[in-house]
Amino acid sequence: MVAVALVIVVAVVFIASERWRRGALFFGGATLLAAAFRLCLPTAQVGLLAVRSKPFDVGALTALGAAIVFIAATINSLGVS
């Protein structure tokens, strides 16, 4: 949980410094990292990442993380990075 929170802090720093695309990519990466932790670690060790069943949590986090990364990578920046 701490590793995911640290990546989210990095994302917030990027967004605060007007690097929204990079920040969004980090948010998506944090979500995918949470999915990987939920998949690999036992339920007793994942803490707040365990919300529902393991398959649901992994599927939902993976879909959400992939969507965030896809949108951040493909959206037109209109001259803004």
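One is the number of the first residue; the rest follow in order along the sequence.
When hydrophobic residues (I, L, V, M, F, W, Y) are linked wherever their side-chain heavy atoms come within less than 4.5 Å, the members clustered with Ile71 are Phe70. Hydrophobic side-chain contacts under 4.5 Å tie Val69 into a cluster, directly or through other members, with Leu25, Leu32.
Listed by first then second residue, pairs satisfying salt bridge (Lys or Arg N to Asp or Glu O under 4.0 Å) with a partner in residues 63-72 number zero, not counting sequence neighbours. Residues in residues 6-17 take part in no salt bridge (Lys or Arg N to Asp or Glu O under 4.0 Å) pair, two or more places apart or across chains. Applying the side-chain hydrogen bond (donor to acceptor under 3.5 Å, both in side chains) test to pairs two or more places apart or on separate chains, those with a residue in residues 56-66 are Arg38-Asp57. For residues 24-33, the set of pairs meeting the side-chain hydrogen bond (donor to acceptor under 3.5 Å, both in side chains) definition, not counting sequence neighbours, is empty. For the ring pair (Phe, Tyr, Trp, His ring centres under 6.0 Å) condition, the pairs that include at least one residue of residues 24-66, sequence neighbours left out, are Phe14-Phe26. Within the structure, side-chain hydrogen bond (donor to acceptor under 3.5 Å, both in side chains) contacts touching residues 47-56 (residues at least two apart or in different chains) do not occur.
Residue Ala24 comes nearest to Ile68 through the heavy atom pair O-CG2, 3.3 Å, listed as atom of the first residue, atom of the second, then distance. Taking all atoms of both residues into account, the shortest heavy-atom contact from Val4 to Ala30 is CG1-O, 3.8 Å.
The distance from the CG atom of Leu61 to the CG atom of Leu49 is 7.0 Å, given to the nearest 0.5 Å.
Residues Ile75 and Arg21 are in side-chain contact: their nearest non-hydrogen atoms beyond the backbone lie under 4.5 Å apart.
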